[in-house]
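All values derive from a computational prediction rather than experimental measurement. Numbered from 1 within each chain, the chains take letters A, B, ... in sequence-line order.
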Amino acid sequence: MELSATDLDYLAAHREDAQAALLTWFAAHARLLPWREARTPYRVWISEIMLQQTQVETVQGYFERFMERFPTLEALAAAPLEAVLKVWEGLGYYSRARALHRAAQTVQERHQGQLPADLDALRALPGIGPYTAGAIASLAFELPVPAVDGNVRRVLARVLALADPRPARLEAAVRAWLPPEKAGAFNEALMELGALVCRPQRPQCAECPWCDLCRARALGQPEAFPLKKPRKTLPHYDVVAAVTVREDHRVLVAQRRPQDMLGGLWEFPGGKREDGETLEAALGRELQEEMGVTLEVGEQMTVVRHAYTHFRITLYAFECRLSAGEPQCLECADFRWAALDELSTLPMAVTDRRIARVVEQRLAPQE
DNA sequence: TTCCGGAGAT
DNA sequence: ATCTCCGGAA
């Protein structure tokens with residue numbers, strides 16, 4: 001048993017009024033979102049993958065463009081990965097796009113092109129973990145299963161005043177209240193409540209349908225649940241990138257290997273500066289290692305600062321010329337001398353895209 | 001500058 | 001269990 005007898009009694013005692021209050025609130029306050037229209041398993045799936053680690057506001061535009069470009073699961077499975085990454089550009093966590101693409105092909109092969117209405121079969125697909133499996137199962141197929149995302153975790157931790165809400169506990173709590181006939185609406189309402197009312201900071205308890213049965217509220221400190229662990233300070237790295245320009249004004253870009261960070265995306269080649277190394281020396285060393293070429297490093301073009309999950313970087317981009325050697329792929333998947341108007345068609349991470357925009361401006365033919 | 005967030009790898 | 005993945009909003 002994952003929850004205490006006290007918790008289970010509490011859940012059982014409030015089951016009907018909790019269900020009614022939440023569903024009534026949701027009917028009145030649900031946002032009109034693209035994936036809530038014309039609901040199909042495919043649309044639910046794409047939206048749920050995009051919504052992993054990403055705010056609703058950010059996802060909306062990406063979802064619309066994705067659906068326009070890949071209207072069906074079949075179209076997604078048939079597309080080249082690079083096209084999927086291009087639509088994903090700027091959304092972050094690019095392994096989601098790679099997994100999505102692989103999963104679409106798996107569904108074509110193993111499930112006759114239809115997402116399976118089965119929790120375990122969904123869970124077996126790349127990029128679908130416990131939460132996403134539950135979300136697709138309940139929202140798309142009305143299976144009575146929990147879907148505990150960060151919002152639901154926060155809402156339930158507060159309602160039950162659980163400082164350390166482990167996944168199994170939270171799923172047990174959802175099961176205790178989940179109406180079998182309205183599982184999709186209930187799960188979605190729970191997430192919406194977390195997003196709109198029971199927010200991480202300054203929860204709007206006065207507007208909450210569960211205000212009267214919330215233990216954290218009764219304790220007078222809803223924000224104290226769930227307990228957050230302190231964040232570590234992130235290490236910082238200086239990173240260099242080469243904008244290598246050829247006589248014909250084309251620039252050298254490389255594609256990252258699939259297993260590397262930002263795999264499959266294009267970049268201006270370079271890498272981390274080592275201790276005691278100048279930026280110019282780091283650039284020379286990296287280009288020798290990655291592409292087997294010797295550079296003449298020119299002036300600095302731009303600086304980009306960016307924070308990843310575990311470190312921050314300051315990225316220095318230098319304009320360069322090739323002084324010896326022909327580029328080859330030593331530590332990259334592919335490379336290309338790209339024309340200026342080609343840069344915008346290649347999938348890049350936000351940092352390299354920022355450099356690309358500077359390159360387009362600086363090197364554009366003068367009027 | 002800090003905060004937020006699912007899945008996969010280890 | 002803990003760490004690795006990103007970008008935008010607050």
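At a cut-off of 3.5 Å, with distance as the only test, no side-chain donor of A:Arg357 or A:Thr302 sits close to an acceptor on the other residue.
Under the 30°/60° scheme for interplanar angles, the aromatic rings of A:His29 and A:Trp25 are found to lie parallel.
For residues 130-149 of chain A, proximity to DNA chain B is found at A:Pro130, A:Tyr131, A:Thr132, A:Asp149, defined as any non-hydrogen atom under 4.0 angstrom from a strand atom. Residues of residues 189-205 of chain A having a heavy atom closer than 4.0 Å to DNA chain B, listed by number: A:Pro200, A:Gln201. The stretch residues 89-97 of chain A touches DNA chain C through A:Gly90, A:Leu91, A:Gly92, A:Tyr93, A:Tyr94, A:Ser95, each having a heavy atom within less than 4.0 Å of the strand.
Nucleic acid contact class of A:Leu262 (heavy atoms, under 4.0 Å, all strands): sugar-phosphate only. Residue contacts for A:Arg166: at a heavy-atom cut-off of 4.0 Å it reaches no nucleic acid atom on any strand shown. A:Ala99 comes within contact range of no nucleotide atom at all, as no heavy-atom separation falls under 4.0 Å.
Each of A:Thr309 and A:Lys229 has a nearest nucleotide on DNA chain C; the 5'-most of these lies closest to A:Lys229.
The number of heavy atoms from other shown groups lying within 6.0 Å of NE2 (A:His236) is above 12.
In this model, the phosphate group of B:dG8 is approached by a side-chain N or O of A:Arg123 to a distance below 4.0 Å at OP1 or OP2. Side-chain N/O atoms of A:Arg312 include none lying less than 4.0 angstrom from OP1 or OP2 on C:dC6. For C:dC5, the OP1/OP2 oxygens have no side-chain nitrogen or oxygen of A:His310 closer than 4.0 Å.
For the pair A:Lys272 and A:Glu277, the salt-bridge criterion is not met [side-chain N within less than 4.0 Å of a carboxylate O]. With respect to A:Arg273 and A:Glu286, no salt bridge is recorded, no charged nitrogen being found less than 4.0 Å from a carboxylate O.
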*Does the pair A:Thr6 and A:Asp9 meet the rule for a side chain to side chain donor-acceptor pair (under 3.5 Å), with working shown?*
CA-CA 5 Å; A:Thr6 316; A:Asp9 286 347; over 6 Å; no

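A side chain to side chain contact (heavy atoms under 4.5 Å, CB included) with A:Trp266 is found for one member of A:Arg256, A:Glu89, A:Arg336, A:Lys86 and no other, namely A:Arg336.
Side-chain N/O atoms of A:Gln52 and base N/O atoms of B:dG5 include no donor-acceptor pair closer than 3.5 Å.
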